[in-house]
Every structure is written in C-alpha cells, then in structure tokens.
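Beneath this line is the structure, given in structure tokens, with notes to follow.
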Amino acid sequence: MDINSFKYLKNIKSPKDIKNLGFDELYVLAAEIRQVLIDTVSHTGGHLASNLGVVELTLAIHKMFNSPRDRIVWDVGHQAYTQKLITGRLDKFDTLRQKDGISGFCHPNESEHDTFYSGHSGTSISSAYGIAQSNLIKKNNNYTVAVIGDGSLTGGLVYEALNNAGRSNTNLIVILNDNEMSISPNVGSVAKYLARIRSKKRYVRMKAKLERALDKIPVVGHKMASQIFRLKTNIKNMMYESTIFEKMGFRYMGPVDGHNIEMLCEALDTAKSVGVPVLLHVNTVKGKGYSYAEKDPSHFHGISNFDAETGEFVSKDNTFCGEFGKLMCKMAKEDKRITLITAAMSLGTGLSSFAEEFPERFFDVGIAEEHAVTFASGLSKGGMLPVFAVYSTFLQRCYDEIIHDGALQDQKMVLAVDRAGFVGDDGETHNGLYDVAFLQSIPKVTVYSPATYDEMKVDFGNAFYRDTDVVAVRYPRGGELDIPEDYKPSYRSFDIYGDKDAETVIVTYGRLFGQAAKAVKLLGEKGIPAKVLKLNRIKPIDSEAVDEAMKSKRIYFCEEGVRSGGIGEKLAATLLQKGYKGAYKLNAVEDCFVKQAKVNELIEQFGFDSESIAEAVVEMMN
C-alpha cells in the first residue's frame, strides 16, 4: 500500500491538519482511512468492524475539539485506529499489534492524544469525569469527551459514573456510539430501550425544535442561567418523556447520524455550548464501508489476518475454545442442569452452537462479568450447574464476586477460563497472566490447567461431578501444541513424563508442558536424565506430587503466569516447610506488564521454550 497515493491522509500529521479541511474533503479522507484500516488489519489482525464504524465520528471529534488540551477518552481503545492514523502514527500503522510496534489500543506512551490505556469496557465515563472535575477545580474551560459504545451500557460501572457525573457542572461530553452491538449482538433491557429511542423520529424532531426555541431565551448572569436551565428542563419534561440520561442529570442530544460529518460537527458544537454534562447519542454502522464486515460484524470484530478482497479468513485448526463449545453441547444433552453464561462473548468463547441448541439454558448477560458470577451463584442455589465462560483478562473483574458469592457461599459453579497465559497481539490488557495468582488466594477454589483436549474434557467432568464449590478450568488461546507422541496421560491430578528415576525434575502445567517435554529430550542428548512433573490440577497441588518433587535433587519450575502468588511460589513454600534440601529455581513472569507480540515470541522472550529450559537446567548443575 503506497501511502503517497492518498490525497489527504499522507499530509495529516496531527489533528490540527484536519481542522481546515472542508466537509467534502473530510469524506475523501474518511474513505482513505477505511482503505488503510482494511488493508492493514487484513495482514496484522485486529479490531476491524468497530473501527470502520467510527471513522467519521473520530474526524468530527478532532475537528471540533483541540486535543490534547481537550481530552478524548475512548472506552476500550480498540476503536481508536482512526485516531492513531491522524495523530502521527500513519508511518507505523503497519506494525499494529506486532512486537515492538504500536498497540491495538490507545496507549499514552505512543501519543499525547491517547489519554488512557484501556482494554476493558465501561471505564471511560468514570475516568473522563475525573479529568473534567480536575479542570473545574483548576478553573480552566477545557472539554473532556468520553466515547462509549452501547454494548458497554450493560456494565454497572457506567451507571455509577453517569449517576455521579450527571449532577456536576463540568464540561463533560459523553458520546454514546450506538451501533446496536458490542462484540456479540446486544442483549437485555438497555438494548431495547435504545431501540425505542432510535425509533421515535417524531419525538426527536419535536424535541429538537423545542430545544432550539428554548435555547433562544436570553440569559444574563450565572444565577439566572441556572434558573433558566431548570425552567427549560421543566418545560421539556412536560412536553415529552425524559430519557434515563436526563434523569441522571445529563443534557440528552440525539440520535444523530454518526456518518454525517456536518451533522456531527453541528451537534458537537452545540454540546460545547451547554455548560453542563451532555450525552450525545450517535448512530453508527459497525463495519461501515466494508460489505463483509457490515454483514457479519461479530466475526469482523476481533480477527486474525484475512483476504481483504474476498473477506475470507485464514482457516484455523481445532482450538481449546472450539473443543470446549462442543463438549458443553454434549454434556448439556446428558445433564439438563448444565447452563452456560457469557459476558457478550458467545462467539469468542465458542458457545454459538450451544446458544442455538439450548437457548433456554444459555445466558448472555452483556458486558457484566461481576453480575455473571453472582447470577451463576443464584443458578447454583436453584439447582443448576452453571458454567461462566470468560477470558482470563475479564475474569479479573470478578474477584470479589468469586469470593463473596461463590466460595464463601459454598456455591457450585464452574469457571471456563479461556485465553489463559500469553494472548499475544492484544498486549498488556489482555494477557491472561493473573488468574492463577488471584484464584489461588481464594479458599475452596479448585483450579485445573489441561495441556490437551482430552485432559480438558476430564477436568470439566471432575468440575461438574467430583469437585465442590468453585472450580476453574483454564486453557490457552489456540490449540494443542507440541504434545509428545509417547506421552500417556493418566488423567490424575499430575503426571510424570521422562525418566521416572531422574534426580532433575522440570515442573510446569498447561501449554508449557510441550516445551518442558522437549527440554527433557534435549537434556537426554547431553547425557542428563530428567523428567517433567506435569501438574494437571494446580490448586490444590496433590500431596503425592509434592512427595514426587521431594525425591529430586534439583527442581526447575517454569510458569506462564506472574511469579508473585503463582504455583511456583506455592510449591517452593510447601517444599521448604517439608524440609526440602535440593536446588530450586523458578522462572515466571516477573513484576511487569507484557507487551504485544506473537505467543511464540513471548515464550522465547521469557525463556519458556525448550532450548532455554534445557540451558537453565544445565546452569543449575554447574
């Protein structure tokens, strides 16, 4: 792709460069941006549909506001690719989500125009309100803009922020980007409510006329301005039904066509003049301008590389996610108590088939992970066997609920923890490196970490019918990797692979088993007998597994998770208490956040590949 072939985009170095462009020119620029988005994401993977839907909106925002003096806060920064392109990152855009490249989310380290690094939804209004309140305290007139999708309105944090911010006198403008979707199609009362607002065209036209008439009332002085604003609000409330946003204190505007730049600019200009928090409701089309994404926005939300000409995806082999979905369908046929819960991730967690086959036992609660866990507690109390399928990174939001509404209540629920360990391209906010450490701190929680599909099936069977209370089964993104042909699983809580009499043991779990098994073979070639102690159930660690480790002279533990609070530290403490005298070395993710890169690159970077493991064992012997 030749950037110089673009008439306008090649000359955009900062948002200032779009301010003097006319509307006709901005539409040409929007088309150029879409071309770059489609071409780049087809090679790098990323979030396509959501970004295609906000091109005009992004241009309008940057035309009407002065970033970074005016702060723009994107809810889940995965929709800010256009902002990256017009804020000096065009020449780096082909490194999107690659090692040492630019992030797939907003990132303050990349640009002063990126206010926060956000990878989880529902945070924008809270943080934007904090900035707006700071501006008020410092007595400056800068604006703060929060851009949030309608899917995020299913999360409780959003309403906490709206309730708190709506009664303030800040220059806060919340833009509700309503594309009728989050990742999966929106569900619940909020989606229905927004649909009713969108459908009331007569109401919107009448409201707009009334507001224009009321806005012509002259105002003199702050006190009179406040009184007249209250008068206007009372008149409007008598004339038409208020929205929920207005009842929270926001001045509601919209809906506005999110692909009409002139209309957007006019609405934003009006919002700037109000002087109180405003909620601007904008309608957009997810996947706009790319027919394949418009027809199937869920599949084009977060994607790997694809053929831009045909819209066809690179074929994928079996994955843990896919095998989990098949297993749940099979088990649900045999046990009518099994229910599945997802937080707006039915496609991402492999549950599309389950949703179709068992609609009465499938619950998409929206982007509301905390609610999902407590809801599961209620299902359990009602006699069901609930499974909450969730990415590791989003399970972080549920810590309190797992403790209070799960383990403390002795409620039987299963956490299907997808994308455990390194996730790769989505970087710091999405790597599943913390679930083991925080689950290990909670009493009455059992955790499995299978390395194969068959082990995963056994683990879910144990979770349903043998174990009590909260049980987590965690598995990585993608499929089985590097499983030795001579590995014969016992399906017990641990396995031994290699020379059973070896005095050198490599301890690990999950995906790293394959690398550890290769390391054993590499060590064997050097004349060093070694074995792998493979933990299948990582909490609690089987006492027999501890006894097996006690027999060895040296233990090398490699863990695809954070060191602090991890299984490696737990085993070390247990061995120490039992009087272990041998050498013990732990390699895990130290005190850092892991940036984006391919999973195999990260495994090598952190010394989890077979060659690095073998070298580390040799060093222990010297």
Side-chain angles (χ1 to χ4, degrees), residues 6-38 48-75 77 79-90 93 106 113 143-150 173-180 198 201 204-205 208 211-212 252-274 278-291 293-294 297:
F6 295 121
K7 184 176 181 179
Y8 296 108
L9 185 56
K10 65 180 180 181
N11 298 319
I12 306 297
K13 307 301 179 185
S14 80
K16 293 179 181 178
D17 296 325
I18 72 170
K19 292 187 179 298
N20 294 324
L21 294 179
F23 291 124
D24 290 342
E25 294 170 313
L26 287 173
Y27 284 115
V28 176
L29 174 60
E32 294 176 349
I33 288 171
R34 281 197 171 88
Q35 185 176 339
V36 174
L37 293 177
I38 295 166
L48 183 61
S50 53
N51 281 286
L52 291 173
V54 297
V55 175
E56 290 85 2
L57 176 59
T58 308
L59 295 178
I61 291 171
H62 280 284
K63 185 173 177 65
M64 299 306 298
F65 293 93
N66 296 310
S67 177
R69 190 181 69 194
D70 295 325
R71 288 292 190 177
I72 301 165
V73 182
W74 292 89
D75 200 80
Q79 58 186 331
Y81 290 5
T82 297
Q83 177 165 293
K84 289 177 183 285
L85 289 172
I86 64 173
T87 54
R89 286 168 277 184
L90 173 62
F93 199 66
C106 293
H113 300 284
Y143 294 95
T144 310
V145 180
V147 187
I148 185 168
D150 55 319
I173 299 171
V174 175
I175 299 176
L176 171 57
N177 173 31
D178 182 359
N179 56 29
E180 304 181 49
R198 287 191 297 266
K201 294 182 179 179
V204 172
R205 286 196 298 268
E211 287 186 339
R212 284 195 293 270
Y252 174 84
M253 297 174 57
V256 175
D257 182 354
H259 302 293
N260 186 317
I261 300 176
E262 301 99 314
M263 191 178 294
L264 286 168
C265 288
E266 181 181 346
L268 290 170
D269 193 42
T270 302
K272 289 169 66 175
S273 69
V274 171
V278 173
L279 188 135
L280 175 60
H281 185 173
V282 173
N283 288 339
T284 62
V285 175
K286 199 168 186 179
K288 177 74 172 178
Y290 185 54
S291 60
E294 286 189 38

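Residue numbers start at 1 and run along the sequence shown. These numbers come from the heavy atoms of this one structure, side chains and all, not from hydrogens, waters or symmetry mates.
Checking His113 against Gln83 by side-chain atom types alone, no donor-acceptor pair falls below 3.5 Å.
Side-chain atoms of Lys16 never come within 3.5 Å of backbone atoms of Asn66 as a donor-acceptor pair (strictly under, hydrogens ignored). The closest donor-acceptor contact from the side chain of Lys19 to the backbone of Phe65 lies under 3.5 Å. Using modelled atom types, no side-chain atom of Asp178 and backbone atom of Asn283 make a donor-acceptor pair closer than 3.5 Å.
Listed by first then second residue, pairs satisfying salt bridge (Lys or Arg N to Asp or Glu O under 4.0 Å) with a partner in residues 49-72 read Arg34-Glu56, not counting sequence neighbours.
Not counting sequence neighbours, the partners of Thr284 by the side chain to side chain donor-acceptor pair (under 3.5 Å) test are Asn177. Contacts of Asp75 classified as side chain to side chain donor-acceptor pair (under 3.5 Å), with partners at least two apart in sequence or in another chain: Ser124, Ser152. Evaluation of the side chain to side chain contact (heavy atoms under 4.5 Å, CB included) rule for Val285 yields His259, Lys288, Glu294 as partners, not counting sequence neighbours. For Asp17, the side chain to side chain donor-acceptor pair (under 3.5 Å) test picks out no residue, with sequence neighbours left out.
Side-chain atoms of Val54 and Val147, non-hydrogen and from C-beta on, never get closer than 4.5 Å to each other. Residues Leu59 and Ile33 are in side-chain contact: their nearest non-hydrogen atoms beyond the backbone lie under 4.5 Å apart.
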- Message: Determine whether Arg89 and Tyr81 satisfy the following criterion, side-chain contact (heavy atoms from CB on, under 4.5 Å), listing intermediate values before the conclusion.
- Response: CA-CA 10 Å; Arg89 286 168 277 184; Tyr81 290 5; over 6 Å; no
Side-chain donor/acceptor pairs under 3.5 Å, residues 6-13, sequence neighbours excluded:
from, atom 1, to, atom 2, distance (Å)
Lys10, NZ, Asn4, O, 3.4
Asn11, ND2, Lys7, O, 3.4
Lys13, NZ, Lys10, O, 3.3

